[in-house]
Amino acid sequence: MGLELYNSLTRKQEEFVPLEEGRVGMYVCGPTVYGHAHFGHAKSYVSFDILVRYLRYLGYNVTYVENITDVGHLTDDADEGEDKIAKKAKTEHKHPMAIAEYYTRSFFEDMDKLNCVRPDISPRASGHITEQIDLVKTLLEKGYAYEVNGSVYFDVAKFKSYGKLSGRNIDEMITGTRVDTSPEKKNPADFAIWKKAEPNHIMQWPSPWGMGYPGWHLECSVMSMKYLGKTIDIHGGGMENKFPHHECEIAQSEAANDALFVKYWVHNNMVTVDGQKMGKSLNNFITLKQAFAGTHEKLTRQYDPLAIRQLVLNSHYRSPLDFSDAALFAAKSGYEKISSCVIEVRNRIKTATDGEVDETVGKTLEDLKEKFEKAMNNDLNTSVALSVLFELVRDTQKLLQDNKTNKQTLEAIDGLFSLLGGDVLGIVKDEYEQAGSVDNELMDKLVKILVEQRNEARKQKEYARADEIRKKIDEAGVVLEDSPNGTSWRIK
RNA sequence: GGCGGCGUAGCCAAGUGGCUAAGGCGACGGUUUGCAAAACCGUUAUUCGCCGGUUCGAAUCCGGCCGCCGCCUCCA
């Protein structure tokens with residue numbers, strides 16, 4: 001069985017078959033860059049990162065496109081009527097492009113820390129204005145759009161399958177609408193693809209219809225078309241964007257191209273913090289930078305970015321995820337359990353004797369790999385995939401209890417950790433900072449002085465003094481661990 | 001009100017018709033340790049929001065109810 005994905009369009013889990021054998025074109029709705037990335041971004045982009053990584057693991061040549069929305073649109077219902085980027089630019093006395101650039105860099109920085117592979121192309125909406133104008137022209141020419149007073153609207157009534165993704169029909173939407181609709185529109189369901197700019201609107205461009213700016217939905221249609229073609233294999237995004245954003249993308253693209261826009265629609269679920277919707281007014285809005293640094297009052301400590309990644313993988317991408325401090329702490333403990341096992345295996349490899357890969361171990365590794373792939377093939381069941389990694393940890397730790405395992409067997413184990421835990425899940429690193437690494441050299445020297453003193457006391461059976469030293473070091477945030485091979489330390 | 005998603009142990013979370021309801025965290029007991037830590041072993045859901053129904057058999061399918069989350073096009 002190959003990979004199966006849940007397709008939001010058909011509402012069924014389907015076997016994944018790319019349009020062109022061996023190649024996958026994938027487009028993911030990227031962030032609007034007016035603020036630092038938060039937990040919601042973490043869940044979304046880690047989820048799609050897993051999809052890209054797994055497709056590549058399966059041997060597909062993937063082109064991964066994820067846009068940066070730098071022509072502002074409103075994403076926050078608390079602040080109506082103003083472009084988020086323009087608003088930020090005003091309060092910070094900066095050019096909107098400077099705001100966009102600053103938060104774009106911040107976004108990549110955070111995503112790098114979460115170990116998300118960079119998209120192959122990160123197109124900016126502002127860099128594709130001419131293409132967007134061209135699409136508007138095409139839609140006008142084909143009769144799917146109409147111009148009113150410098151704005152251009154998509155004529156929903158002309159596109160018969162409007163609503164196929166979100167399961168809405170136009171008539172119901174009209175009667176059910178709770179807001180006043182623009183008098184410029186023929187039909188309340190029509191949406192702007194080009195908007196006339198008021199003179200004080202900072203971001204505006206010349207067009208055949210006067211100065212203006214593109215409708216939000218337009219950029220994704222244009223950029224996916226430009227880099228991936230008229231029909232793409234996978235389009236990803238958050239569930240909250242199914243309607244209207246993705247629905248409108250479909251309408252524009254299919255009306256313009258007379259071709260299916262997307263074969264598989266993949267939507268990930270939302271996050272909550274302490275069981276509530278994340279929002280600035282609830283004081284539970286936590287950015288990734290705050291989580292990495294432990295500077296938010298809802299968090300008891302700082303969290304390793306990969307522990308946050310692990311929390312995301314602990315649940316399914318289509319399930320909602322609650323970011324509570326307790327959940328983060330549990331993920332951190334689990335993450336460290338895996339890391340310490342991998343580190344120990346790699347340490348043992350250095351001194352292990354040569355030999356053949358143990359037959360029983362080899363068989364177990366094959367079984368685990370198969371189980372892992374089966375889970376991932378089942379609509380990316382990372383929760384089960386992760387449990388396979390924990391099985392590998394348990395089996396490995398048992399094996400490490402004696403010092404008899406040979407080098408080749410240990411290397412095979414490390415290989416599977418690196419492949420499944422590293423390449424696919426992205427929670428096993430190639431290199432770990434060791435206690436004695438360059439970064440920690442001074443720290444290592446200082447701790448060792450204390451360890452020597454304590455071990456001297458232990459030798460003299462002055463345990464009260466030894467325990468006192470250990471307690472003080474512990475209070476400073478360093479844990480000591482005695483073993484037959486000596487005492488090691490790690491940061492709590 | 002409409003559309004979509006969800007409700008499984010103290011917490012997080014798989015499982016969507018049938019072997020013992022994964023896994024992680026936490027807790028408790030044991031091995032180990034001078035004592036710890038780490039690691040390992042064991043215990044921790046006769047039961048899957050509630051009530052009915054279908055079936056030889058349901059957490060899993062159907063109906064109803066309760067609760068939670070997202071979206072419902074002025075701008076974006």
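Order of the sequence lines fixes the chain letters, A, B, ..., with proteins taken first and strands second; residue numbering starts at 1 for each chain.
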Between [X] and [Y] (salt bridge meaning N to carboxylate O under 4.0 Å), is one present in this structure?
{"X": "A:Asp414", "Y": "A:Arg346", "answer": "yes"}
{"X": "A:Glu336", "Y": "A:Lys332", "answer": "yes"}
{"X": "A:Glu481", "Y": "A:Arg490", "answer": "yes"}

Excluding sequence neighbours, so at least two apart, what forms side-chain contact (heavy atoms from CB on, under 4.5 Å) with A:Pro123? A:Val65, A:Asn67, A:Ile121, A:His128, A:Met223, A:Tyr227
The contact string for nucleotides 19-26 of chain B, one letter per nucleotide 5' to 3', using protein heavy atoms under 4.0 Å with B, S and - for base, sugar-phosphate only and none, comes out as ---BBSSS
Residues in side chain to side chain donor-acceptor pair (under 3.5 Å) contact with A:Ser319, at least two apart in sequence or another chain: none
All heavy atoms of A:Val262 vs all of A:Ile234, minimum pair found to be CG1-C, 4.3 Å
Exercise answer: donor-acceptor pairs, residues 462-476 of chain A side-chain atoms, under 3.5 Å, sequence neighbours excluded:
unit_1: A:Glu462; atom_1: OE1; unit_2: A:Arg465; atom_2: NE; d: 3.2
unit_1: A:Asp474; atom_1: OD2; unit_2: A:Lys492; atom_2: NZ; d: 3.3

Could you measure between the two [atom1] atoms, the one in [N] and the one in [M], and give it in whole Å?
{"N": "B:U8", "M": "B:U46", "atom1": "P", "value": "15 Å"}
{"N": "B:A45", "M": "B:C11", "atom1": "C1'", "value": "14 Å"}
{"N": "B:G67", "M": "B:C25", "atom1": "C1'", "value": "26 Å"}
{"N": "B:U32", "M": "B:G42", "atom1": "C1'", "value": "15 Å"}
{"N": "B:A37", "M": "B:U31", "atom1": "C1'", "value": "15 Å"}
{"N": "B:C12", "M": "B:G17", "atom1": "C1'", "value": "27 Å"}
{"N": "B:G23", "M": "B:C62", "atom1": "P", "value": "29 Å"}
{"N": "B:A22", "M": "B:A27", "atom1": "P", "value": "22 Å"}

What contact category does [X] fall into here, base, sugar-phosphate, or nothing, at under 4.0 angstrom with non-hydrogen atoms?
{"X": "A:Leu400", "result": "nothing"}
{"X": "A:His217", "result": "nothing"}
{"X": "A:Asp474", "result": "nothing"}
{"X": "A:Arg458", "result": "base"}

Tell me every residue that passes salt bridge (charged side-chain N to carboxylate O under 4.0 Å, His left out) with [X], counting only those two or more places apart in sequence or in another chain.
{"X": "A:Lys263", "answer": "none"}
{"X": "A:Lys371", "answer": "A:Glu391"}
{"X": "A:Lys164", "answer": "A:Glu254"}
{"X": "A:Asp482", "answer": "A:Arg454, A:Arg458"}

For A:Leu165 and B:U73, what is the distance between atoms CG and C1' respectively, to the nearest whole Å? 15 Å
Output the single nucleotide from [options] whose closest atom is nearest the side chain of [X].
{"X": "A:Asn378", "options": "B:C41, B:G15, B:A37", "result": "B:G15"}
{"X": "A:Glu481", "options": "B:A14, B:U73, B:A38", "result": "B:A38"}
{"X": "A:Asp467", "options": "B:G34, B:C75, B:U73", "result": "B:G34"}
{"X": "A:Phe191", "options": "B:U73, B:A14, B:C75", "result": "B:U73"}
{"X": "A:Met270", "options": "B:A38, B:C69, B:C40", "result": "B:C69"}
{"X": "A:Tyr153", "options": "B:C75, B:G34, B:G15", "result": "B:C75"}

Side-chain donor or acceptor of A:Asp482 under 3.5 Å from a matching atom on the base of B:C35? yes
Using a cut-off of less than 4.0 Å, is there contact between a side-chain N or O of A:Lys185 and OP1 or OP2 of B:U73? no
So, is A:Lys461 close to the B:C35 phosphate, meaning a side-chain N or O under 4.0 Å from OP1 or OP2? no
Using the closest heavy atom to pick a nucleotide of RNA chain B for each, name whichever of A:Glu336 or A:Leu321 lands nearer the 5' end. A:Leu321
Pick the nucleotide of RNA chain B nearest each of A:Lys398 and A:Ala466; which residue has the one closer to the 5' end? A:Ala466
Polar-atom pairs under 3.5 Å, protein N or O versus N or O of nucleotides 5-10 of chain B: list them with distances, or write none.
unit_1: B:G5; atom_1: O2'; unit_2: A:Asn269; atom_2: OD1; d: 3.0

